[in-house]
Every structure is written in structure tokens, then in C-alpha cells.
Amino acid sequence: MPNPRLLLSRVGFFSNPRLLPWDTAKPPDLSQSFLGRAHEGNFTGVIVTKHPRQHKYQKKQRHFISLHDSWQERLADVVTPLWRLSYEEQLKPIIDGYRNKSTFSVNRGPDGNPKTVGYYLGTWRDGNIVCVPCSHLKNIPEKHSQVAQYYEVFLRQSSVEPCLLFHEGGHWRELTVRTNSQGHTMAIITFHPQGLSQEELCAQKVTLKDFFTQGPGAVCELTSLYFQESTMTRCSHQQSPYQLLFGEPHIFEDLLGLKIRISPDAFFQINTAGAELLYQTIGELSGVNSNSILLDICCGTGVIGLSLAQCASQVLGVELVEQAVDDARWTAAFNGVTNCEFHAGRAEKILPQLLRSQKDEKLIVAVVNPARAGLHHQVVQAIRNCGAIRTLVFVSCKPHGESMRNFIELCCPPNSAKKLLGEPFVLRQAVPVDLFPHTPHCELVLLFTR
């Protein structure tokens, strides 16, 4: 069982002494504080305390709390609303500049310049979007801010206009920056081709490459620069390949004794040091052993399964993004892990067949780490109806959102109409792990058994 004081003190709202429900000199009884409420089915109450529900009108106005605040303060209040709070209680060494991935938008800034790189304030619905430079934000590393600033320099000297709205034309779009603990930096720039010819596209790629290799942007010391042509809001590598303009095709990270390969399109927890604590917590709660199979659903680059492979008889990973699956396979081979196999595709299509192929004598420990939208209903069906799965660890970054539907379906009585025929799960423990200091968000690790 993870140290409760270590884990609970990592949640941002416990960092404010005025909000502590116990005397800080006395470690809390986990079963009577957070977990006690989780057993009663109220674990979202703690999350709501950190991120309370707002009246519709208040939510609409929250970006502009005070007209006397600077643009920088107003952006910080939206992106990192806990930035004014002290983090003396934090036990993790990195609470500032912890993001290993940041995505910056391009739009009109406070001065009206459409070639401004930063984060959005306002809403599209209200027509008050403003793009504010974000180098002052506590969760953004200096390197990310530096690359964003030089991308803005590039845009302002470019003869090509940015793409603010697809139907209005323009080309230059968002910038994504990935870094690792060794200081390597990958930049990915998205470009709307509109009606440009291949010759014109090549000219823009050469201009961009020269700026970051020989021009002012060379001070960023990028280790790789990618270019992606995209006519959609979000576009995978399969839909439109990432084009490497120069440098290394991948970035690597050392985590839990493994060398992890990360592609431009692959999911990797944005707080590397926090991810170590998260994965250790998952391992301790799962209880996986040599007599069990570890099923890692929505596995990303496969780190959870790979880090626990030595404890399990076999690891089976399922992931939608093919690049991430390639990374997981490479990482397994490089680190000499031989009992893992990874499957690329939609979990709702792969999982039922994968479970049917397993022999009944092995118990299965399932770990799921879905996006905010939660698990597809067919994935929940497959888990619920597989008798070999007695333990389920559910990692959620938004447990009070769509994932709640998953929790209900996992724990409700059998329901033939929904094809939920297996024995229901019972929520046993819920452990928050703060991967996002200065924000109202945290990961919640939930242990279900039956």
C-alpha cells in the first residue's frame, strides 16, 4: 500500500493549510479520509473540492475575473489557477516547469497581431479568443517557452500568413514541443497546405528548417524538427505523416530503469517525475504476480506493462496509436523484456478477441488508462464479462466526467440489456496522484476487485 501521506499531500488542494481536513503534524488515516469516502461511493467529492462546479454564468466569466489583472495574470489564473498557492507540502522535487510536452496555438494576441504564439483566453462561442504568450506560466519549462518565442519570431518574418480559421485561408498553425530529462528537444509544427503546390510546400519547409538550424532559431538547439501538413483540427501520423526535417526521429526517456522511446504522435505522461510515482502506485495496487497476466489497455508507449513485466507471467498491451505501439515494441526489445506483446488498434475491437484467446487457468490483472472520454462501452463489457479478470486498476484524469459512466457499469448489478453479465466489481481504494502542480487536476488511481 503506498504511503498515504506521500500520495495525499501530492494533491494540490491539500497544499493550502486552510483547506487541510486534519492537523498536518499528524498523518491522516487514509481509510477514514479519502478512501473512507471512496468506499461509500463519494470519491468524486474530493475532486470536486479541488475543482468545484461553477454556475454557468460564473464559468463563462472566469477568464476575466478582474480587468485590472494583466494578460499574463489572467492566463495564469486559467491554465494554472493554483499558481498563487505555496507548495511547501510537495514531496516531489519538480513542481515548476514539469511539462515534457506543450502545445502552443497561433492567433491574435492582446495587441491584435495574428502571428502571436501562446495559449488561448476566452471562448470561440463568445468570440473573445485572445492568444497570450505564456513564458510566465509555472508549469511550462523555459525550453518550451524559448522555442515558442522563436516560432513567433519566425512567423512574424514569414511572408506566409497563419491559419486562424480553416475557411479563411492561411497556413502556419500550432507548435508542439517535447523534451526529456537529458535536455533533448523535439519541435512539431503543423501547417495547413490549403492550395499550395508541392514545390511551394517544399520551399516553406526549407525556410523553416533553415531558421532553426542556421538562423535565429538555432539557439533553441533542437534535436529534431517535424513538419505535419494537416487540414483537420487534430491529425494522426496515419492520416498525415509527420515529416522529419532534421535531427533524430525519436526522443528517449529514462523511467523506472527502462529506456523509453517516444515518437511525435505517442502518448507519454506529461510529468515524467510524477509518472514514476503514478506507475509505482499502479504496481502496488495491482498486486500482479508470476501467476497472473497483466492486461494494459490504452497502454500508450507501454511503460506501465513494461515496468511490471518482471512481476507478471505475461503482459498484453492494447493501444490505438500505431507509432506508440512501435515505440513499446522497440522499448521491450532494447531493454530485454521478452514476455510482452502489444496490439495496435481500437480496444473495443481487439480486446474481446484477445480475451477469448486466453486460457482460463491464468488470472488477469487489468490496468486501464483511457483518455478523458473514458472507455468505450464494448471495452467495459469485455472486462465485466471476463471471469478471469478479478482485479482492475482504473487510472483517470477526469473521474467526475465521462469515466463515471464506466465506474457505474463496472459496479452495477448484472444487466442483460447492456450485456453486462459478469459479476460486478467493487471499488476498494482510490488514490490521488498529482501530476499537474498549480492546476486543479490530478490523476486518480482506482482499485476495483471482485
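Everything numeric in this text was worked out from a predicted model, so none of it was measured. Here, residue 1 is the first one in the sequence, and each next residue gets the next number.
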Can you list, pair by pair, the side-chain donor-acceptor contacts under 3.5 Å of residues 198-205, counting residues two or more places apart and other chains?
unit_1: E200; atom_1: OE1; unit_2: S197; atom_2: N; d: 2.8
unit_1: E200; atom_1: OE1; unit_2: S197; atom_2: OG; d: 3.3
unit_1: K205; atom_1: NZ; unit_2: Q243; atom_2: OE1; d: 2.6

Without placing hydrogens or testing angles, list every side-chain donor-acceptor pair under 3.5 Å for residues 401-409, not counting sequence neighbours.
unit_1: S403; atom_1: OG; unit_2: S396; atom_2: OG; d: 3.4
unit_1: N406; atom_1: OD1; unit_2: L375; atom_2: N; d: 2.7
unit_1: N406; atom_1: ND2; unit_2: L375; atom_2: O; d: 3.2
unit_1: E409; atom_1: OE1; unit_2: H377; atom_2: ND1; d: 3.1
unit_1: E409; atom_1: OE2; unit_2: H377; atom_2: ND1; d: 3.1

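- At a threshold of 4.5 Å between non-hydrogen side-chain atoms, the residues T116 and L155 do not count as touching.
- Checking side-chain atoms of S240 against main-chain N and O of S230 turns up no donor-acceptor pair under 3.5 Å.
- Taking the side chain as every heavy atom from C-beta outward, R108 and C131 never approach each other to under 4.5 Å.
- Side-chain N or O atoms of K398 include none that pairs as donor or acceptor with a backbone N or O of R372 at under 3.5 Å.
- By the ring-ring contact (aromatic ring centres under 6.0 Å, His included) test, Y98 pairs with no residue at all, sequence neighbours left out.
- A distance-only check finds no donor-acceptor pair linking the side chain of R346 to the backbone of E348 [under 3.5 Å].
- Residues meeting the side chain to side chain donor-acceptor pair (under 3.5 Å) test with S263, sequence neighbours left out: D327.
- For Q269 and N271, the side-chain atoms include no donor-acceptor pair closer than 3.5 Å.
- Contacts classified as salt bridge (Lys or Arg N to Asp or Glu O under 4.0 Å) and involving residues 171-191 (residues at least two apart or in different chains) are given here: E174-R234.
- Between H192 and F166, the ring-plane angle classifies as perpendicular under the 30° and 60° cut-offs.
- Residue pairs meeting the ring pair (Phe, Tyr, Trp, His ring centres under 6.0 Å) criterion with at least one member in residues 124-144, sequence neighbours excluded, are Y120-W124.
- The shortest distance between side-chain heavy atoms of L175 and T103 does not fall below 4.5 Å.
- A donor-acceptor distance shorter than 3.5 angstrom exists from the side chain of E319 to the backbone of G300, with no hydrogens or angles considered.
- F104 is linked by a ring-ring contact (aromatic ring centres under 6.0 Å, His included) to Y119, counting only residues two or more places apart in sequence or in another chain.
- Residues Q280 and L256 meet the side-chain proximity criterion, which asks for heavy atoms closer than 4.5 Å.
- Using a 4.5 Å heavy-atom threshold, the side chains of Q146 and C220 count as touching.
- Judged as a salt bridge (Lys or Arg N to Asp or Glu O under 4.0 Å), not a single pair has a partner in residues 242-255 (not counting sequence neighbours).
- Residues passing the ring-ring contact (aromatic ring centres under 6.0 Å, His included) test with F252 are W330, sequence neighbours excluded.
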Problem - side-chain contact (heavy atoms from CB on, under 4.5 Å) between L351 and L295, worked out - result: CA-CA 10 Å; L351 188 60; L295 178 61; 3.6 Å; yes

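- Among all heavy-atom pairs drawn from D434 and P437, the shortest one is OD1-N, 3.5 Å.
- For the pair N113 (side chain) and G109 (backbone), a donor-acceptor distance under 3.5 Å is absent.
- Under the 3.5 Å distance criterion, with hydrogens and angles disregarded, a donor-acceptor pair is assigned to the side chains of T449 and R428.
- Considering only residues two or more places apart in sequence or on other chains, T207 meets the side chain to side chain contact (heavy atoms under 4.5 Å, CB included) condition with F154.
- Rounded to the nearest 0.5 Å, atoms OG1 (T176) and CD (Q228) are 9.0 Å apart.
- Judged as a side chain to side chain contact (heavy atoms under 4.5 Å, CB included), and not counting sequence neighbours, the contacts of D210 are V206, T213, Q214.
- Residues satisfying the side chain to side chain donor-acceptor pair (under 3.5 Å) test with T231, not counting sequence neighbours, are none.
- With values rounded to the nearest 0.5 angstrom, N139 atom CG is found 7.0 Å from S102 atom OG.
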